[in-house]
Each structure stands twice: as structure tokens, then as C-alpha cells.
Amino acid sequence: MILRTKAIHGSIPLEITWSVIPFLVMLVMFTWGTKLYFQNYTLPPNNALDIYVTGKQWMWKVQYPTGQREINEMHIPVDQPVKLILASEDVIHSFYIPAFRLKHDVVPGSYQTYWFEATKPGRYHIFCAEYCGTNHSDMGGWVTVMEPSEYANWLTGGTGGSMREQGEKLFQQYGCVTCHVTNTQGRCPSLLNVFGKPVVLDDGRTVLADEAYIRESILNPNAKIVKGYSPDIMPVFEGQIGEDGLLQLIAYIKSLSAPTPSPAVPKATRSTK
Amino acid sequence: MSPTLPFASTEARTNYLNADYGWKSWLFTTDHKRIALLYLFSITVFFFVGGLFAVGMRLNLLTPQGLFSHDTYNKLFTMHGIIMVFFFLVPSIPATLGNFLVPMMIGARDLAFPRINLLSWYIYIVGGIFALTAVVQGGVDTGWTFYAPFSSTYSNTHVILAALGVFVSGFSSILTGLNFIVTIHKMRAPGMTWSRLPLFVWGHYATSLIQVLGTPVIAITLVLLGLERLLHAGIFDPTLGGDPVLFQHLFWFYSHPAVYIMILPGMAVISEIVACFSRKAIFGYSFVAFSSIAIAVLGFLVWGHHLFVAGQSMYASMAFSFISFLVAVPSAIKVFNWTATMYKGSVSFETPMLYAFGFIGLFTIGGLTGLFLATMAIDVHVTDTYFVIAHFHYVMVGGMVMAYLGGIHFWFPKITGRMYPEGWAKFAALVVFVGFNLTFFPQFILGYQGMPRRYAHYAPEFQVLNVMSTAGASVLAVGYLLPMIYLTWAWRKGPRAPQNPWNAKGLEWSSHPRPRLPTTLNINRW
Amino acid sequence: MADSEATLTAHEPELKHHFDDSAQQLESSTLGMWVFLVTEVMFFGGMFGAYTVYRNLYRNAFASTSHFMNVIIGAVNTGVLICSSFTMVLAVRSAQLGQKKALVAFLILTLILGCVFLSLKYVEYHEKWVDHHIPGPGFQYADPRYFHQAQILFLLYFAMTGMHAIHMIVGAGLLTTLIVMAARDRFSATWHTPVEMIGLYWHFVDIVWIFLFPLLYLIGHTQ
């Protein structure tokens, strides 16, 4: 068999060329990448807005110096440097906002800081990006970037709306919607069609889900645990939601139940709420 | 260089497969070729177990809300990782093709320590049994990276059992590496100088260096993790004064070099295949040989690139980033040298060469995306997302597994004395290539768009690409099943192979197909 | 070493079939043992790394816990091990000279010294047990400032010395095997590779202790 191959064994100039050129390209990538990275890890500007983010299995608790607290939600003004102080209550999580190219692990036992500035209003995903257990993939939320006037409005608590609407906002703002409606994942009872109905507790008692029950369940969740669920999962909102807010929430939760069918009794004795 | 052999080939010629029968002759063998087959069988089993977990994962990811419970999914990806990394990728080529061929390629009768070779296999099986027991008992859900404090304090799955499996199998890896190092140093035939060693041997030598130096570190890391889980002394638990990032450093100190343990043998196979099917000596032999060593050495200095967002010092991150770029240079050198080998060569496209082409293309893509990951600023965005998953599957599956399949096809006539069906093999190679790209290329995009990894359910906007990926996975599965079937068939019923069907130039081809027990080679002692 | 030996012929049972000659076999065994010892260095190295990190992080706690390290026992143990390495060397030499009785005697002496080491280690560990310094649910520490940190440091102490002790126990088992083999005339001036190899292993275990002793017992020791 005649093979028309050239017996080339090597070429040192060629080897050097194709080692040096890729290396130079890599140097460019390295320098560029490092410079950008540096910028985010330098000290934030003096006028940065501090926001405290705590990761915990399986939610993000966001707190503002002015006292607002959110769960899985963050509201920030556009064109304003924001400094995040990141902490974890249990295992390692990672606070990730893809749209901002922002990611930093939250490590228990230490605070991490990271600053950024959002340049476009909108609503963007927050994800947890370090595997942290069962509901790692649920540990997401939204960051809302608002115009300064909207942000000021938000800081003062909202533009009004009916109690039910206000309650719905709070229901989302405090993260209740992540568990208590459709996506319960076995963690908590769904609140659809609960108000006004009897509830069986884990100690065998049956109670009526009325306004007082709802209020207690928000402020002191471990006081009564529904049968089949565990304590210590729902955060305690004592001191965090004022009475106004509680009533708004109750109004909303009421709206999640169909009106109770009236018992077959003569009109005169129909029960009213 | 096909020397005529002093003995006539007959049907009933004694070879390593028929020299002795019975399970004892296999389970107590010390012959490197038989041990290679023991490994081949067990590794294939683990590959399919790991693959089954992948099937479960991709089925779950068809819809945003998932199919299985979150806990089940978390266990699926953990077990997929543990089994694929420690029980398939790390041993694969060295324990099968390496065991079979390294002695033959250097003109030795066996490895330096045949009984330790057999012990390696038994240790691997014991480790595998521990790992499978962990699966059967309910699984582990920490991720294959076992990060603390989740693994040490919070997970209530069989962490210690799984860690024990990995710990034990690590010793199998160490002993294999030790065996190769001593064999290559001390048992080369007269005249087989270092500069005449086939690149397959150089690649395995570099791999063995990493195995021997790196694996003990993960062993001790897992011991400390186990102690922490039992005693809660606090070594990785911040509430007790420990540092969880210390675990990450200890873990990645091995696990980064481990990826070079996985890829260097693959590159070693490709060097042989490319030279053979270009009918040309490999271009830049010394550069390729020394690149293997350079990768082994530099590979130990880059582990911190897994910690860019973990709170590692910025300056340490810079150093790790820089060296990560450096370690890409020898890999690039190899790719250029393989390409230059084909230049003005007489290239033919038998199945091994198809896999080699696949390797070169896909490994290059995987390697280039590795450069993005080494770039600190980019890494902030894409780390812990599907981008990383796509990157390492491109190098490990598109690279390493293709090299493994290519090597198995290339040396199939040597190992079994028969030829596989070329038509089916080419078809399967194509199916693997198409299936692979369809599975993993969308994942680059998913990661860039922000889909994190280890997610049992995901935001709805990611569904289309996930469905594409799952569709690709089903094609890929077919691509892997095909060789299982036709290679098994060909082993029993394939046409008898000539002594050197590829006209390759390696010393291993100068023995009869199905070498004797022990190997006899017609060595031109020069 | 190989030069002064008579080489084995191909028919000697101790020359394994896959080797060309006994020199190759001896060199391979020796290189194999050295490579194995390097893996052991990496294995212990992980723990030395963790020790370095925590010692730096918790200097005061370290100073506090070092008070509880029994320097006397540690020093005696160091002497015992160094002597055992010496007797091991003498054993290897006896093997090289084909002196069976001396070989068996020195191996037994090495084994005895090793057992002395392990006994003293047991005394030390028992002391720690009495003091409730064993990490785990029963751990107690007098100085509440350093409770958690001390527990981590003690974990590292037990991990490092315990791993070392396990290697000593394995070594004792290997020595026993050697004694039995030597008593049965398995070794000669021409072939005594296991004695040399296990000698190397024994010296390595000794050297690990030579590092452990100052790092854990001596440096920064407070009375």
C-alpha cells in the first residue's frame, strides 16, 4: 500500500506560535475579567443604599434600614448604588440576580458584601444558586427596580386600594404566596377555601378558621399546628405586621374562600358573619 | 511493521480468554488483560446505573414543576454525579484500556504488581457496593460535592455510606496509579526509552501522578466530614466555630486534579487513534508528551477557581484564574498537534477516527467554555448554572466518553480477536454525536440565561430549552445502547480479526489478537 | 544494595515471572513502596493543612488546649519510636547479612517498642477521656471562651494522632507477619525484600510522628 503521507514529525516554530498566541488571547481575557471583577469587589460609593439579605432554608429575607421587611422580594430605586450585606442562617446559599450579573454565596458564620447599581426599571428574577436542600429550586423571588418616585411611594406603604387589594399585596410582599396557595409542597396548608371552615389541629382539637385564628397564625404560627404539618417552618411575623396589615391580610384570605353555603333553613335564621 | 509470527494461527490457539475457564480463574486472576475485562464489565454496569439517574433527571426537567418530589430529584442528581465521577470516569480508561495495553505497549509481561492490580479491582467493587447500598437505602442528597454544613449537619440522608464508597474506591485509584508509575519506570523492554514511549503511555503516566498525589486528599477530607457528621465537633460548622469554606478548599484540591485524571487518558487514546488513521506519526511528539505532564502539574494549582463567588480572597482568585488560563495552553497544544498530524496525512474515517473527530471538536468547545469560567467576571454570572453543567459535560462526555468509545472500538480486535460491525458502529457514533449536542448545547444557553443548577423545578421561560435537552438525551441514550448491543454480539459472533486490522504501528499490535496468557510479543529488541 | 546481593536465577521461587531479573524486581518493589509513602504524605497532609488553618485562626484557644497535651508521654513516645526505627534498621541489616536469629530478634524488639508506643498512646487517650476532651456529645472544656474552638482542635488532635496510631497498628501487624516469615526461613541474604519494604514503611510512620510531636505538643505549649 503506497501512502502519500509526508513524514513530518514536528516544528518547533509552529509549536511556539500556537502556544504564544493563545496565551496572549488568554491574557486579554484574564485582564479584562479580573478588572471587571475587581470593580465589584471594591468599596461601594458612599451614597450606597444598604440592604440586608439573609438566606435561610428556603427563602430570602430582605430587610431595609428603614424597617421594611420582605420575603423573596426586593424593591430598589433605579440608578442608585445598592450595597447588599449577605448572611445565611443555616447552610450555604447563593444570592443570584441573573439580569444584574450578580451572584454571591451566603456563607453561614460570616457576612459577605456586594454592591451594584440597577440601570433599568423592571422586575427581575432572584434565584438561589448554591444547592441547599429540598426546596433549593423554590428559593427564588423578584427584585423590582423602580423609578425614584415609585420607590418613595413604596417606602411609605403603598397607594391604597381596597383592603382586599392591600391584603393581596401584603400576601405577596411577605411571601405568603410562595407557600400558602398552590405551591404548598407539603410544607403548609393551602389557604384556599379555609376561612370560615373547621380546621383539625395536630393535638386533635378542631377549631374554626375565623379572623382570630388567622391573626394568631400570622403572629404566632407555632401556637396551633394543622394536623399533618410541622412546626417551625413558617416565619414568625410578630412585630412585623401592624394591625392594619393584619386586617388587610384577613380580608384577602377571606376572598380565597367561596362564600359558605347557607344551611337549608328558613331565611329568617340564616347566619351572618 | 507486521512481523510474521513464529507460530501458525489456529482456531484453538491458547489465548488469555480461553487459557482457563471458570469463575475462579477470573476472580483470582492476576493477568492484566483479564483484570482489564473485570473492570470493563463493572465500569459498564456503573455507567448504566449513573445513566439511569440521568434519565430520571431529564424526565423531571421536561416540565417546570417537575415530575418527582424535590427530595427525589436532589437524590437523583447527587447519585448521578457520585457514580459517574468516581465509579465511571475516574477508573474508565486507565483501568480498562490502560491495564490491558500499557504492559504490551512497553514490552512488559504484566504490570509491576499484578496482585495489587487485582486488589485494586476488589477495592473498587467494595467501594461500589457501599455506594449502591447508599442508593438502595434511600440515596444521598448533598450533591456529589458534599458541601458543608449541609452535608455535615443538615442532610438526613446516607452521607457517610456514600462517602465511604467514594473513600474506598479512591484507594483503587491510588493503587492503579502506583502500579502504572512503577511499571512505566521499571519494566520497559530494553530499548524502549522514554522518548519512544507511545503517547498513550505518557498520558497514563501523567494521570497516575495525579491519582497518586491527589486522591489521598479527598480521602482525608471525607474522613473529616464523616467525623464531623458523627461527632459534631464543629470543624466545618460555623455555629460551632468551624469554617465551611475550608471544606470546599480541601474538596476541590483533589476534585479539580480529578478532572485531569479523567481527561488525560482520553487524550492519550486520541493521540494513538489520530496517528493511526492519518497514517502519519503524531506531530510534535515531545510537545504532546510534555503537555500531559504540564497539565498534571498545573492542574494541582487551580482549585480555587471553584470558589470565585464563595467568599475567597480576591487576590487568591486572581492567582487561580491566571493559572487556570495557563493550564489551558497545554490542552490547546495537543489539539493543534492532533490537527497538524492529520495535515498531509492519509485520513480515513473508520469508527475510532469518527470518535476522535468528535472528541477534538467537542473537547475544544468544552475547553473554550472553560476559559469563560476561568474569567472571574464571567464566572460570577455563570457559575452554579447550567453553563457549568454544559461545560463539564462537553469535556467529560463529548470528550472523555467519546475517547473511551473510540478506544474500545480501536482496540476491540486486539482484546476480543474479532471485528465489530463497522456500519452499525459508524451509525452509533453519529447518533451519539447528534444526541450529545442536542442534549448539552441548549444548556449553555440556559445557564447564560440564568437557570441555576440542581433545580428540581425551574422558571417557565426555561422550558423550551429543557425539553430540547431531554429530547437530545433520549437520542444519546440510544447512541449508548447501540454499542452495548453490537459489541456484545460481535464479541461472540463477529468475524475473526486479522492481527493488525488498522495497520497501526504500536507494539501492542505485534501480538496475536487475543494475546497469550501471559502476553507474548514479538519484540524487535533494538 | 542490589550490587552486593547475589542475583536470583529465573528458577528461584521469589523471582516473579513477569520480571526480567531480581534487580528489576527489587527496584520495582522499592519504587512502589516510595510512591505509596508519597500518597501517605498527601493523606496526612490534608490534616496538617486543616491544623494549620485552625491553629492560625484560634491562636489563643490553641495555647489553652496545648496545656492539656502530655509532653512527658509524647517525649517518651518519640524516644521509643526513634529507637524502634533503629532496631528496624538493624533488622534490615541482619536480613542483608543472612543472620536469621538477629533478624527475628530485632523484628521482635521493634514490635515490642511499637507496642510500648501504642500502650502509652492508650494512656494518653484515656487521660483525655477522663478529662472529657474527646469531641462529641460528651465534650467539656473548662474555659467557656474556647469551648467550640477547643473541640475543633481536639478533633484534629485525635484525627492526626489517631490516624498515626492506626498506621502503627497496621505496622505492628506487618511486623508480626515478618517475624513469622523470618522464623520460617523465608528470608535470605539474596532475598529479603519484604523486610526492607516494611522497614521503609516503619520509618515513614516514625517520621510522621516526628512532625506531629512538635506541632501538637511542643510549639506554643503553655504550662
Side-chain angles (χ1 to χ4, degrees), chain A residues 1 3-12 14-15 18-19 22-23 25-27 29-30 32-41 57 88 90-92 94 96-99 101-110 112 125 127-138 140 183 185-186, chain B residues 70-71 74 141 143 147 149-150 154-155 238-239 242-245 278-281 283-287 308-311 314 317-318 321-322 325-326 328-329 332-333 336-337 340 343-346 371 374-381 383-385 449-450 452-459 503:
Chain A
M1 167 165 62
L3 296 168
R4 294 181 201 288
T5 61
K6 276 203 89 168
I8 315 170
H9 288 270
S11 154
I12 301 220
L14 207 49
E15 300 278 359
W18 65 40
S19 303
F23 179 68
V25 171
M26 290 178 199
L27 266 186
M29 290 175 76
F30 168 73
W32 194 0
T34 311
K35 201 174 79 118
L36 274 175
Y37 183 89
F38 241 75
Q39 281 166 10
N40 280 324
Y41 282 79
Q57 286 176 326
S88 166
D90 40 34
V91 298
I92 301 181
S94 192
Y96 179 34
I97 304 179
R101 306 294 190 259
L102 181 166
K103 183 187 290 121
H104 205 299
D105 281 6
V106 294
V107 182
S110 68
Q112 316 287 334
H125 275 294
F127 290 127
C128 174
E130 183 59 60
Y131 175 69
C132 53
T134 307
N135 290 319
H136 164 62
S137 51
D138 281 348
N183 193 21
Q185 295 278 349
Chain B
H70 284 199
D71 276 328
N74 295 340
D141 71 349
Y147 272 16
F150 182 74
Y154 288 82
S155 172
T239 58
D243 183 4
V245 180
S278 309
R279 308 275 166 253
K280 201 158 150 278
F283 188 95
Y285 169 89
S286 2
F287 278 88
F308 283 158
V309 297
M314 193 166 39
S317 294
M318 273 174 65
S321 170
F322 185 74
F325 280 107
L326 276 184
V329 173
I333 290 179
F336 293 131
N337 276 295
Y343 175 73
K344 294 224 172 117
S346 171
L371 292 179
T375 311
M376 287 148 74
I378 301 183
D379 190 67
V380 170
H381 179 54
T383 194
D384 271 317
T385 66
Q449 288 179 344
R453 61 186 290 194
R454 299 174 166 170
Y455 262 34
H457 89 253
Y458 51 81
N503 262 309

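The sequence lines fix the lettering, A, B, ..., with proteins before strands; numbering per chain opens at 1.
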Where is the tightest heavy-atom contact between [X] and [Y], given as atom of each residue plus distance?
X: B:H381; Y: A:P98; value: CE1-O, 3.4 Å
X: A:K103; Y: B:T383; value: NZ-O, 2.5 Å
X: A:F30; Y: B:M318; value: CE1-O, 3.5 Å
X: A:F127; Y: B:A459; value: CZ-CB, 4.3 Å
X: A:M29; Y: B:T375; value: O-CG2, 3.5 Å
X: A:P108; Y: B:P244; value: O-CG, 4.1 Å

So which part of [X] gets closer than 4.5 Å to some heavy atom of chain A, the side chain, the backbone, both or neither?
X: B:S317; result: side chain
X: B:A374; result: neither
X: B:A310; result: both
X: B:F325; result: both
X: B:N337; result: both
X: B:S321; result: both

Under the side-chain contact (heavy atoms from CB on, under 4.5 Å) test, which residues partner A:Q112, sequence neighbours left out?
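Only A:L86, A:H104, A:V107, A:S110 meet the side-chain contact (heavy atoms from CB on, under 4.5 Å) criterion with A:Q112.
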Under a 4.5 Å heavy-atom cutoff, which of [options] has the most pairs with chain B?
options: A:D90, A:N135, A:V106; answer: A:D90
options: A:G133, A:A99, A:P22; answer: A:G133
options: A:I8, A:I12, A:L36, A:T134; answer: A:T134

Working to the nearest 0.5 Å, report the span between [atom1] of [X] and [atom2] of [Y].
X: B:K280; Y: A:H9; atom1: NZ; atom2: NE2; result: 8.5 Å
X: A:D138; Y: B:Y458; atom1: CG; atom2: OH; result: 14.0 Å
X: A:C128; Y: B:Y455; atom1: SG; atom2: OH; result: 5.5 Å

Can you confirm whether or not the ring centre of A:Y131 sits under 6.0 Å from the ring centre of B:Y147?
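Between B:Y147 and A:Y131, which both carry aromatic rings, the centre distance is not below 6.0 Å.
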Can you tell if the side chain of B:D384 reaches within under 4.5 Å of the side chain of A:Y96, non-hydrogen atoms only?
no
Minimum side-chain heavy-atom gap B:N74-A:H136 below 4.5 Å
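In short, these two side chains do not touch, never coming nearer than 4.5 Å.
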If you count heavy-atom pairs under 4.5 Å between each of B:V245, B:D379, B:L371 and chain A, which one has the most?
B:L371
Scored by heavy-atom pairs under 4.5 Å with chain A, the best of B:A456, B:A332, B:G450 is B:G450
Candidate pair A:Q57 and B:F150, rule side-chain contact (heavy atoms from CB on, under 4.5 Å), full reasoning:
CA-CA 11 Å; A:Q57 286 176 326; B:F150 182 74; 3.7 Å; yes
A:I97 versus chain B, the contacting section by heavy-atom distance below 4.5 Å:
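Neither; nothing under 4.5 Å.
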For the side chain of A:Y37 and the backbone of B:I378, is there at least one donor-acceptor N/O pair under 3.5 Å apart?
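Not confirmed, A:Y37 side chain does not pair with B:I378 backbone.
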